[in-house]
Amino acid sequence: MSDAVMPTYARIDLAFERGEGPYLYTAENRRYLDFAGGIAVNSLGHSHPRLVAALEEQGRKLWHVSNLYRISGGERLAERLVEHTFADKVFFTNSGTEALEGAIKLARKYHSHNGQPQKYRIITCDSAFHGRTMTALSAAGNAKHLEGFGPQTPGFDHVAFGNLNELRAAITEETAAILVEPIQGEGGIRAASLDFLKGLRTVCDEFGLLLILDEVQCGNGRTGKFFAYEWAGITPDVLATAKGIGGGFPLGAFMATDKAAAGMKPGTHGSTYGGNPLAMAIGNAVLDVLLEEGFLEGVLEISGYARERFEGLVARYPMLFEEVRGSGLMLGLKCKILNSDVIVAMRAGGLLSVGAADNVIRLLPPLTIERAHVDEAIAILEDVSQKLAQAA
Ligand SMILES: *Cc1c(COP(=O)(O)O)cnc(C)c1O
């Protein structure tokens, strides 16, 4: 591995040359079934023909012009997001953490715009992950991620994930908003109960707070709904997303109701790249597929099948696995032995996955997988489990 790359990742000594659907191939043509999906990014798998076509077509026309000018693809993508979500206004970013930064800025601006600049604090949850900028790190409050980086961004109060009483008790005159992942990804595929999400909406209404949802990982069809909040029958005031929305192209967004976004006037926020024509062409192509009649129903169908098969595995190997968690195709296998030992064995067997906190293995396949791919994953896991169970 090259010394020139800053060693912030403990990288696996494995490189891929091409991808096709749910498969990745090395230069030596070894095939892997990809249930890591670039960490929930490759929502349509690798080299999806419609994404490749959009990239090639836009790539020949226009890549970047800056936000000094109108961008028709961005107007179209924003309008489609508005049509299919709670939101009235959309701002495009290049990543998830930037989407969170924007959402946090918007929430603070909302209150200052309404004459209450003292309301700037945001309540967040333990074991959350919101990205790697200083403010996103401060929002999540993970000591390991913050260590050595000096003073945090002030203004975040942390409460236990899922505890509405503790959350209510943390509200003060300075509270501006509540920020939550409907399903914690990095935290271990921990889904908030629908009652907790409904409770958050009630609390926000009662105290005049904005409800910000981080759907960077769980959004964009991952749970079988366009966004996970739909499962709870509530709507947020602000939502940050990224990952699956670009299908592999760096793209994120934060969106809000007109009311919440009232303070976001010309000059209040910006991004040089955000929403450039190339990103917008690909974002629109992703939505072309996600919003196609029957696509999300298909995700529900295949995820029901996958869950059933993974639950069968857990039942056959109770010495290795505790449970299947999550929703849709955002699944977690809670392990009883070290998750990384299982992940290494899976990879040796040709199945890619990614770890999460709480000793969980994340299974984040493309939303386009079929039963045969699930069966293939199960066959590899069965083999791996047999060996690990014998060794345990
Ligand atoms: C990945 C992730 C982020 C950060 O996204 P980046 O694109 O890595 O900046 C934020 N929130 C959640 C829930 C995520 O899963």
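Ligands are counted one by one from 1 in listed order, and the atoms in each one are counted from 1 as well. The structure presented is a predicted model; accordingly, all values stated were derived computationally and were not measured.
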### Task
Verify, without hydrogens or angle tests, whether Tyr229 (side chain) and Phe86 (backbone) share a donor-acceptor contact under 3.5 angstrom.
yes
### Query
Any Lys/Arg nitrogen of Arg307 or Glu311 sitting under 4.0 Å from an Asp/Glu carboxylate oxygen of the other?
yes
### Message
I'd like to check whether Glu98 has a polar contact with ligand 1, where a contact means an N/O of the residue lying under 3.5 Å from an N/O of the ligand.
### Response
no
### Query
Is it the case that Arg18 and Asn29 place a side-chain donor and acceptor less than 3.5 Å from each other?
yes
### Query
For the residue pair Glu181 and Phe161, what are the closest heavy atoms and their distance?
O-CE1, 3.6 Å
### Query
At a 4.0 Å threshold, what atoms of ligand 1 neighbour a non-hydrogen atom of Thr97?
4 (C), 5 (O), 6 (P), 9 (O)
#### Entry: ligand 1 to Ala242 polar contact by distance, N or O atoms, under 3.5 Å
no
### Task
Could you list the atoms of ligand 1 found under 4.0 angstrom from a heavy atom of Glu181?
13 (C)
### Summary
If we number the atoms of ligand 1 from 1 as shown, the ones under 4.0 Å from a heavy atom of Ser95 are 7 (O), 9 (O)
### Message
Is atom 8 (O) of ligand 1 touching the protein, meaning some protein heavy atom lies under 4.0 Å away?
### Response
no
### Message
So, regarding Asp214 and ligand 1 (criterion: nitrogen or oxygen to nitrogen or oxygen, under 3.5 Å), is there a contact or not?
### Response
yes
### Query
Can you tell me if NZ on Lys334 sees more than 12 non-hydrogen neighbours from other groups inside 6.0 Å?
yes
### Message
Please evaluate residues Tyr273 and Glu98 with respect to the criterion side-chain hydrogen bond (donor to acceptor under 3.5 Å, both in side chains), reporting the C-alpha separation (whole Å), side-chain torsions for both, the decisive distance (0.1 Å), and the verdict.
### Response
CA-CA 12 Å; Tyr273 288 126; Glu98 286 171 86; over 6 Å; no
### Query
Purely on distance, is any nitrogen or oxygen of Gly96 under 3.5 Å from one on ligand 1?
yes
### Contact partition for His130 relative to ligand 1, non-hydrogen atoms under 4.0 Å
backbone
### Task
Can you pull out the closest protein heavy atom to atom 2 (C) of ligand 1? Residue, atom name and distance to 0.1 Å, please.
Lys243 NZ, 2.6 Å
#### Entry: Glu215/Arg222 salt bridge by N-O under 4.0 Å criterion
no
